[in-house]
Amino acid sequence: MTWHIIGAGSMGCLWTAQFLKANMKPVLLLREQRLRSLESDAPSLSIDELDGTTHHYPIQLASPETVTTPIDRLLVCTKAQDAEAAVHSIEDKLSDHCQILLMQNGMGSQQAIAHHFRSQSVWAASTTEGAWIKDFLHVCHAGHGSTWIGPIGRTPDEQAWKNLKHSLESLPFDIHFTDQIEQKLWDKLAVNCAINGLAALYDCKNGELLATQERKERLAALTREVTHVRKAVGIKTTGDLFELVQQVCRDTAMNNSSTCMDARQNRRTELAYINGFLIEQAKKLGIETPENHFLMKELAELGIQ
Ligand SMILES: NC(=O)c1ccc[n+]([C@@H]2O[C@H](COP(=O)([O-])OP(=O)(O)OC[C@H]3O[C@@H](n4cnc5c(N)ncnc54)[C@H](OP(=O)(O)O)[C@@H]3O)[C@@H](O)[C@H]2O)c1
């Protein structure tokens, strides 16, 4: 029941720690160069828990080059823009019945991977667990949440569902399985489309997006466009999305979105898989999304991509 996890960042280390707690002997995959540069022969993974304790676990590390056994379960924990390359880097080691579980935010990368890996079962996750990486192989669990998992692309057979559920059931996480994962991904996309790029543009905390009339109007206009596109795609909307967006701004008032943090640190953001994905979908459907276009243009002018 070995899971291989690719991407040793916040999510990768958080999930690896859960497999370790469940005695499941995960293998954390690094890039070959990173693996070679390690000095320790006995690496360990540290996790700062929500109750203030820190735990250390011996960890098995490998790279796509050093993995010998066929991989039956792969958890992909890179950012959206790195996911396809990461899975391709290990492609020749995946068994034909491999379960590929994708943890990426936004949309587009999951569909591209599902399209390519047709003999394997591809699953997408949407999670509200929160974590940040303190140091290499040292993660801080920042907030408990829930995780929804469901198939993306080809519908897996009953045995694949059973195997996946069985391989995750001992994790100390709140995990739900759904055959409506696209709905979950679209729900998160709607909130992220409105909040993330705008917070990066104004370089502000989420709560500060409600601070002026101009910002609120922009939030509302972005949300209207998402509502329009998701309806045309056939995604159900229950309740008022703009109310939800404002509620998220209030609930996470003191937080900086991941996009805002990436922009501050001059890192590539996931916006191409958030607003970029929305714009692409809208274009295919012949729907205008001027607010999203304008936001992406303003961000690009600031060098935020
Ligand atoms: N952190 C959270 O609280 C949270 C919550 C919900 C959802 N998410 C989503 O989860 C995903 C992962 O986020 P994260 O916060 O864990 O990102 P992260 O901390 O940046 O970690 C991503 C890791 O993937 C590694 N990576 C990239 N390409 C790779 C490759 N080809 N081979 C091996 N490793 C590779 C990166 O290494 P390098 O740095 O060396 O490139 C980095 O260590 C994102 O889509 C994010 O939006 C995160």
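Order of appearance sets the numbers: ligands from 1, and atoms from 1 within every ligand. Sequence positions, counted from 1, serve as the residue numbers for this chain. On a predicted model such as this, the values are computed, not experimentally measured, just so you know.
Side-chain atoms of Glu225 and His228 include no donor-acceptor pair closer than 3.5 Å. The closest side-chain donor-acceptor pair between Gln33 and Arg31, if any, does not fall under 3.5 angstrom.
Thr16 has its side chain out of reach of Tyr57: every pair of non-hydrogen atoms, C-beta onward, lies at least 4.5 Å apart.
Annotation: side-chain hydrogen bond (donor to acceptor under 3.5 Å, both in side chains) contacts involving residues 147-160, sequence neighbours excluded, comprise Thr127-Thr147, Gln159-Asn163.
Residues with a heavy atom under 4.0 Å from ligand 1: Ile6, Gly7, Ala8, Gly9, Ser10, Met11, Arg31, Cys77, Thr78, Lys79, Ala80, Asp82, Ala86, Met103, Gln104, Asn105, Thr127, Glu129, Gly130, Ala131, Lys188, Glu270.
The side chain to side chain donor-acceptor pair (under 3.5 Å) test applied to Lys134 returns Asp48, not counting sequence neighbours. A search for side chain to side chain donor-acceptor pair (under 3.5 Å) contacts involving Arg215 returns nothing, not counting sequence neighbours.
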